[in-house]
Amino acid sequence: MAEFAFSNVEKEMAVYGYDSVVKSHCRMCHGGCGVLVYIKNGRAEKIAGDPDCPINHGTLCSKGIASIQLAYHPDRLTHPVKRIGPKGSGRWKQISWERALEEIAERILGYKKNFGAESIVMGYGTGRENEAVIYRFANLLGTPNVLTAGHFCYGPRIATSIITCGTNPIVDYENHPGCIMVWGNNLVISNPDCYKGEPFSVSLNMGAKLIAVDPRFTRIAARADIWLQLRPGTDTALALGMLNVIVNEKLYDKEFVENYVHGWEPFVERVDQYPPDRVEKITWVSRDKIREAAHLFATIKPAAIQWGVAIEQQINCADNNRVLMALMGITGNIDIPGGQMLFKAPDIVNVGQFGAHRMLPEQQRRKRLGADRFRLAGKFAIINPKCVWDAVLTEKPYPVKMLFLISSNPVITRANAGEVYHALEAVEYMAVSDFFLTPTAELADIVLPAATWLEMDYVGDFWKRHGYLLPRRKAIQVDECRSDHEMLNDLAHRVGQTDFWWDSFEGGLDYILEPLGITWQDFKKMDHIRGEVTYEKYRTVGFSTPTRKFELYSTLLEAWGIDPLPRFREPPESPYSKPDLYGKFPYILITGRRLPGFFHTENRQLPWMRELHSDPVVEIHPDTAEKEGIKEGDWVVIESPRGSIRQRAKFFPGIDPRVVSAEHGWWFPEKKTPGHGWDEANINMLTDNNYEACDPAMGATPVRTLLCRIYPWENESG
Ligand SMILES: Nc1nc2c(c(=O)[nH]1)N[C@H]1C(S)=C(S)[C@@H](COP(=O)(O)OP(=O)(O)OC[C@H]3O[C@@H](n4cnc5c(=O)[nH]c(N)nc54)[C@H](O)[C@@H]3O)O[C@H]1N2
Ligand SMILES: Nc1nc2c(c(=O)[nH]1)N[C@H]1C(S)=C(S)[C@@H](COP(=O)(O)OP(=O)(O)OC[C@H]3O[C@@H](n4cnc5c(=O)[nH]c(N)nc54)[C@H](O)[C@@H]3O)O[C@H]1N2
Ligand code: SF4
Ligand SMILES: [Mo]
């Protein structure tokens with residue numbers, strides 16, 4: 001057993017008779033927390049936080065603890081299964097791994113031969129630390145089509161930050177920012193991407209000033225010095241308004257601006273178009289508050305912006321990211337202690353290199369679905385999901401014959417769920433890797449039983465930008481479940497990729513670590529590895545952009561025919577852009593606020609998690625409820641021009657009476673029909689995926705800025 005800095009572990013082992021404790025690295029969300037897994041008779045019995053881990057310092061969330069209920073869930077898929085009835089019939093038979101992979105390989109090779117590799121779309125959803133293997137497999141196969149959530153989540157942050165300053169600027173909580181502006185993010189619940197709520201809370205306890213930009217009065221807003229309750233979808237205008245104040249009142253960092261930014265003059269001209277008076281009308285935030293927030297943010301150093309997915313799920317996705325980076329940049333907070341760090345990863349084979357993007361032939365790259373429409377996305381190997389549904393349903397621009405979805409539940413998570421369902425019903429062949437037979441998996445031909453994080457070895461946080469790597473050590477084996485990495489490593493041999501893979505995936509782990517001169521077996525004995533931390537690197541080497549400057553004016557966007565400067569676009573479905581529709585659908589709908597126990601569509605079958613939150617909930621202001629005749633706890637219908645669903649009303653004075661906030665991710669594993677109630681409370685039955693409504697550069701789907709109406713559900717008993 002590894003050495004521990006405290007003695008409780010030994011004591012607990014003796015008292016409760018655990019056989020061993022495995023130090024590992026949770027991944028029930030995007031992952032990150034160091035954990036201790038207590039094992040008895042080969043089973044994981046308990047999970048606790050690892051106090052020595054630099055990411056979570058011993059803290060854990062409810063999902064981490066519930067990993068055990070996931071691993072041993074009675075409904076969990078523990079063998080590959082093949083469908084024996086029509087799609088959606090719910091009739092399956094168990095088959096061997098050998099047969100399953102043989103069949104998938106045969107299909108892959110057949111479609112590649114007859115329709116081109118582009119007719120096979122690989123897919124995953126949010127980050128599961130399997131993206132590097134999925135891209136490697138796809139690129140070597142020759143398909144440019146990997147469907148992710150990257151068009152409206154995290155992908156935009158990475159793409160826009162790479163073109164602006166070379167990498168994603170991460171808040172340096174270790175050096176405690178003096179001011180934190182939390183923008184469309186609720187990290188104390190979501191612990192997203194490179195962040196955990198705990199270090200943020202510590203910085204607040206150390207006295208950081210706090211600005212919250214959120215249409216809802218979150219716990220973070222409640223602690224804030226200034227809360228900007230903006231109209232959903234108007235973030236670009238608000239940030240441009242703050243930039244206007246900072247520029248015109250000369251609150252910016254002159255030395256940084258003079259020496260290290262590109263495009264200052266045109267940027268100032270653009271910013272001049274957004275005086276606080278105009279911005280107040282757009283955003284519903286008073287000009288005084290805009291000024292106050294701009295002053296607070298610009299006059300405290302170090303200051304940082306903690307920004308989240310809300311700003312990406314809108315038509316202004318790419319520009320929202322760019323204006324927030326402009327705020328960080330011109331206030332001189334980039335790459336300074338306690339500011340916004342451009343962290344370096346340890347010297348490893350990184351996700352992009354592992355993903356073998358360079359191996360995709362140019363003539364295949366050019367076929368990437370939607371790349372000519374959404375240029376920025378196309379450059380970063382990201383596709384808009386509707387392009388896939390269209391190619392399945394219309395065979396344009398070419399037929400898509402096979403989907404291979406590894407860790408995604410698009411029937412519930414992608415906009416316009418009705419169309420998604422229809423496309424998955426229509427596709428000729430579909431393979432899925434998942435823990436359960438989800439509404440998506442129910443439409444597959446073959447479903448593979450995936451391993452949870454407890455059942456795999458991996459280089460944890462490999463894809464993140466905070467500079468740490470931590471070993472995820474396999475703690476248990478559950479029946480025949482296999483990690484996606486092992487599964488793809490095996491499948492790769494069957495489709496002619498042997499030269500690029502390994503005998504077992506441990507070879508892949510060694511490959512990642514090779515530049516450090518260590519193997520997985522060496523890394524397994526270590527606590528973590530961190531990249532070298534150095535500040536203000538731009539002073540010596542510049543930024544990793546074409547001009548070597550911080551690009552307020554993006555030369556790459558310009559070259560790709562996209563506006564190089566940020567601007568505000570009115571959401572395509574709003575009280576101002578669609579006044580007639582607003583007459584019939586008089587509320588702005590935001591969706592998808594994160595819930596502590598669930599991860600998107602996951603965990604609704606875990607007793608501990610479902611007990612915390614049993615039904616789908618829509619937040620409405622008490623005045624709205626009164627107007628619509630809704631009582632607290634009632635089932636209500638939420639309706640958009642595209643459909644209707646029901647959720648339970650919760651009164652929430654912390655939301656504007658003109659806005660309602662519905663949950664996403666709902667299906668009902670307890671319903672034993674194969675659809676598991678996929679269309680009853682699924683908010684994406686209401687969302688729009690029209691190309692015109694998406695961000696023109698990234699293809700982000702606007703799932704947070706729509707119009708709806710809401711009224712009591714009459715059929716309470718049904
Ligand atoms: N309306 C609306 N829609 C949204 C959002 C919103 O805010 N509003 N948020 C969006 C965002 S940001 C995202 S990222 C997407 C997420 O979209 P998805 O990633 O499609 O959603 P998940 O529910 O996380 O689906 C993951 C599936 O993978 C399985 N799984 C988990 N881990 C593994 C693994 O390691 N291997 C395998 N093979 N399977 C695994 C789970 O059981 C689950 O069925 O949803 C989006 N959808
Ligand atoms: N427990 C749990 N954790 C998760 C997830 C989960 O499903 N469950 N999902 C993971 C994933 S994939 C992601 S992307 C992250 C997302 O994590 P976060 O970025 O924290 O996302 P949310 O909680 O969805 O939204 C944050 C806030 O945005 C606000 N908001 C809504 N519309 C707007 C708007 O137009 N402008 C602004 N400024 N704010 C707005 C909402 O009120 C909400 O409080 O969480 C990750 N972590
Ligand atoms: S925050 Fe994420 S990594 Fe940490 S315990 Fe919770 S689920 Fe696991
Ligand atoms: Mo996400």
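Whatever order the structure lists them in is the order used to number ligands and atoms, beginning at 1. Heavy atoms only: backbone and side chains are in, while hydrogens, waters and symmetry mates are out. Residue numbers count from 1 along this sequence.
Around atom 8 (Fe) of ligand 3, protein N, O or S atoms at a distance under 2.8 Å total 1; waters are neither shown nor counted.
Proximity to Gly308 (heavy-atom distance under 4.0 Å) selects the following atoms of ligand 2: 19 (O). Near Pro232, meaning under 4.0 Å from any of its heavy atoms, are these atoms of ligand 2: 35 (O). The distance from ligand 2 to the heavy atoms of Trp183 drops below 4.0 Å at these ligand atoms: 38 (N). Each of the following atoms of ligand 2 lies closer than 4.0 Å to a heavy atom of Leu595: 1 (N), 2 (C), 8 (N). Using a 4.0 Å cut-off to heavy atoms of Lys63, the atoms of ligand 2 that qualify are 1 (N).
The closest non-hydrogen atom to atom 43 (C) of ligand 2, taken over Thr234, Asp214, Asn316, Asn186, comes from Asp214. When the options Val432, Asp434, Asn409 are ranked by their closest heavy atom to atom 44 (O) of ligand 1, first place goes to Asp434.
At under 3.5 Å, not a single nitrogen or oxygen of Arg231, backbone or side chain, sits near a nitrogen or oxygen of ligand 2. Taking only nitrogen or oxygen atoms, main chain and side chain alike, Thr126 reaches within less than 3.5 Å of ligand 1.
Residue contact annotation: Glu602 has no non-hydrogen atom under 4.0 Å from ligand 2. Judged by the shortest distance from any of its heavy atoms, Phe435 lies inside the 4.0 Å radius around the atoms of ligand 1. Remark: distances from the non-hydrogen atoms of Arg594 to ligand 1 include one below 4.0 Å. Under the 4.0 angstrom criterion for non-hydrogen atoms, Gln313 is not in contact with ligand 2. The closest approach between Arg27 and ligand 1 falls below 4.0 Å for a heavy atom of the residue.
The pair Asp479-Arg76 does not count as a salt bridge, with every side-chain nitrogen at least 4.0 angstrom from each carboxylate oxygen. Ionic pairing of Arg472 and Asp461 is not present here: no N-O contact between side-chain nitrogen and carboxylate oxygen is shorter than 4.0 angstrom.
Using bins of under 30°, 30° to 60° and over 60° for the plane-to-plane angle, the ring pair Tyr154/Trp463 lands in the perpendicular bin.
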